[in-house]
There are 2 protein chains.
Amino acid sequence: MTEPTTQRDRRIDGRGSAEDRSDDQPGTPEGRRVVELLWAPAPQSPVRGPKPRISLPDVIAAGVAIADTEGMAALSMRKVANHLGVGVMSLYTYVPGRSELVELMIDRVYGEHALPSPELPWQQRVEQWARETWRIYDAHPWLLDYNMARLPVGPHVLDVSEALYAALLAAGFSGAENVAISNLIQWQLLGAARSMISDADEARHTGVSAEAYWDSRASFWESYFDWNRYPTMAAIWEAGGFDDPAGWDFERMLDRLLTGIEQSSAVSREPGT
Amino acid sequence: MTEPTTQRDRRIDGRGSAEDRSDDQPGTPEGRRVVELLWAPAPQSPVRGPKPRISLPDVIAAGVAIADTEGMAALSMRKVANHLGVGVMSLYTYVPGRSELVELMIDRVYGEHALPSPELPWQQRVEQWARETWRIYDAHPWLLDYNMARLPVGPHVLDVSEALYAALLAAGFSGAENVAISNLIQWQLLGAARSMISDADEARHTGVSAEAYWDSRASFWESYFDWNRYPTMAAIWEAGGFDDPAGWDFERMLDRLLTGIEQSSAVSREPGT
DNA sequence: TTCAACTCCGTACGCCGTACTGGATTAGAA
DNA sequence: TTCTAATCCAGTACGGCGTACGGAGTTGAA
């Protein structure tokens, strides 16, 4: 960290082309910046300018607060600035832009995950991991709006991933198999959370409850639904299969997953086609 | 449909309060409108005004075209209008707003799903269903940006759902069990697609390939990754478990799912806790 | 004391969705 | 034929967004 860091360097400076990096540091400038924000150990020594009135954690906390109460779509730089009592552009001193702020927010809430103790049996570890993940989705439903395909590579996100990998390793899965089962668990959890939580969440800040939503679509069921065209759905409906989210109830799903994994751990190891 | 339908009625007219619906039709006005757009059989008889220069399918097709090439984020009403050679506000004659347009676009691309023949054995039906779904995600990656928790209730969306439910019914699953397994399949597919396709897709219109992305984060691996803090991840990495998406390769995943379901179909039926 | 480094932020630009309003066009009623 | 109501079409405008730019004020080190 020898070269001087001017404001222009710290700001995002609009995606420079591949040629214009004269230094030999790895990666792109934006990538380096966000990695530094996620991992940088200290706000480096006291420096030259005036004392900052806010801090990076403040900005992240404000973002989380707004997203928690109003949803991800309502999160704007102006609102964050307002919440902190500063001008909008001041935020760009701390954060390169909105999307990087979101990455930081995600890593920050992953820090709330209470990691399972390595001494527990693997089933309990996986179970606690799943419950904690669910709890975080429930506390911060805006996570569910995020694609989740490319999680930010932050310390807390990695802690959480490591915990699941480690639990599955204890169950006897390693390498690609471990990754596959880990993905199985995460995607099930995410899918169920999206179905259950984001309904309730959307209700909270649009004022339209899930029932009201379906009621608003009621004309469909009355006028257009064709019982002959969709016989299986009709049968499931009449059997109560859609009542309550019993089919993807969290407890049942967890049970299913664990027993499925146990079986797979017992049988195991015939390669695919 | 006796009461006159003026433009003000057809337009979205800003979420009227619950009191102001004088008629006794079910659901909210917006809900009725989008349901009609999805299901209305014909553009009702020839009517009074000037001949329309474009049509609803044109608008939907333009939206799909733009989203296919530039991504969901780049889909704007202005671009759609431009693509059709009309003014922006003209679109609102055909579609209540952007979000409804997206719903219509989704149902439209679900119409590309080649439903499996009911005469095939259920495994082949599920397999073909999964391949078709994957193909559609691949052709229209912007679907993956959509939450997918609340799919639009359109005819094609329901056709696709019905096909999976029916195949699983043939496998012996009914009621809530059918729903649970159907969700399992869909969420796995969606998760895998989000991981694999949206990478490639993002690369296409941001110009940043997945390798370039990881390269841009390269400083992280060099400077910050702590092999002691993340031992399992390190082990998996060294074993090649992250190389290639072998762990969640589509074929392997499909195999895994089908055999898992078969086992579950054989064992089955011990209730949870 | 000077000055470079730094924080803060007002202004402005180009996007976005869409409300409002009115003009042009047409089919049926008179 | 003339009139009129229904309908399509769209210009203008408003409030919101992310953020580039440039400059004013503040501070510690030279």
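Below, read A as the first sequence line, B as the second, and so on, with proteins coming before strands; counting in each chain starts at 1.
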note = Against the side chain of B:S90, the closest entry in D:dA29, C:dT26, D:dC9 is D:dC9

ask   = B:M77 has an atom CE; how far is it from atom C1' of C:dG14, in whole Å?
value = 19 Å

task = Taking only the side-chain heavy atoms of B:T93 (C-beta and beyond), determine which of D:dT4, C:dA19, D:dC8 contains the nearest atom.
result = D:dC8

inquiry  = If you assign A:S99 and B:G49 each to the DNA chain D nucleotide with the nearest heavy atom, which residue ends up on the more 5' nucleotide?
reply    = B:G49

query = For the side chain to side chain donor-acceptor pair (under 3.5 Å) test, which of A:R135, A:R108, A:E112 pairs with A:H140?
reply = A:E112

ask   = So which heavy atom on A:Y94 is nearest to which on A:I54, and how close?
value = OH-O, 3.0 Å

remark   = Rounded to the nearest 0.5 angstrom, the CD-CG distance for A:E100 and A:L37 is 8.5 Å

remark   = Winner on side-chain proximity to A:P50, out of D:dG18, D:dT26, C:dT18, is D:dT26

task = Please evaluate the base of D:dG16 for a donor-acceptor partner in the side chain of A:R78 within a cut-off of under 3.5 Å?
result = no

ask   = Using a cut-off of less than 4.0 Å, is there contact between a side-chain N or O of A:R53 and OP1 or OP2 of C:dC9?
value = yes

key: Closest to the A:R98 side chain, choosing from D:dT19, C:dC9, D:dC9   = D:dT19

ask   = Has the side chain of B:H156 got a donor or acceptor atom that lies under 3.5 Å from a matching backbone atom of B:D107?
value = yes

ask   = Taking the side chain of A:M89 as its heavy atoms from C-beta onward, which of D:dG18, D:dA5, D:dC21 lies nearest to it?
value = D:dC21

request  = Send over the distance from A:L84 CG to C:dT7 C1', rounded to a whole Å.
outcome  = 15 Å

ask   = Reckon A:V86 touches a base, only the sugar-phosphate, or nothing at all at heavy-atom distances under 4.0 Å?
value = sugar-phosphate

query = Rounded to whole angstroms, how far apart are CZ on B:R48 and P on D:dA6?
reply = 6 Å

ask   = When we call it a touch if two heavy atoms are under 4.0 Å apart, what does A:L75 touch: a base, just sugar-phosphate, or nothing?
value = sugar-phosphate

request  = On DNA chain C, check which nucleotide each of B:V88 and A:V88 is closest to and give me the residue with the more 5' one.
outcome  = A:V88

key: Side-chain N or O of B:Y92 closer than 4.0 Å to phosphate OP1/OP2 of D:dA10   = no

query = Do you know which two heavy atoms are closest between B:A67 and B:L75, and how far apart they sit?
reply = N-CD1, 4.5 Å

Euclidean distance, atom CG of residue B:L91 to atom C1' of D:dT7 [Å, nearest integer] = 16 Å

query = Which distance, rounded to the nearest 0.5 Å, do you find between the CG of A:L189 and the OH of A:Y137?
reply = 6.0 Å

inquiry  = So, does A:Y94 get its side chain near the phosphate of C:dC8, meaning an N or O under 4.0 Å from OP1 or OP2?
reply    = yes

request  = Compare the minimum distances between each of D:dG18, D:dC9, C:dG17 and the side chain of B:I54, then state the nucleotide with the smallest one.
outcome  = D:dC9

key: Separation of D:dC8 C1' from B:L56 CG (nearest whole Å)   = 15 Å

query = OP1, OP2 of C:dC6 versus side-chain N and O of A:K51: anything below 4.0 Å?
reply = no

ask   = When you measure from the side chain of B:P52, which nucleotide among D:dG18, D:dT27, D:dC8 comes out closest?
value = D:dC8

query = When all nucleic acid strands are considered with a 4.0 Å heavy-atom cut-off, which category describes A:L101: base, sugar-phosphate, or nothing?
reply = nothing

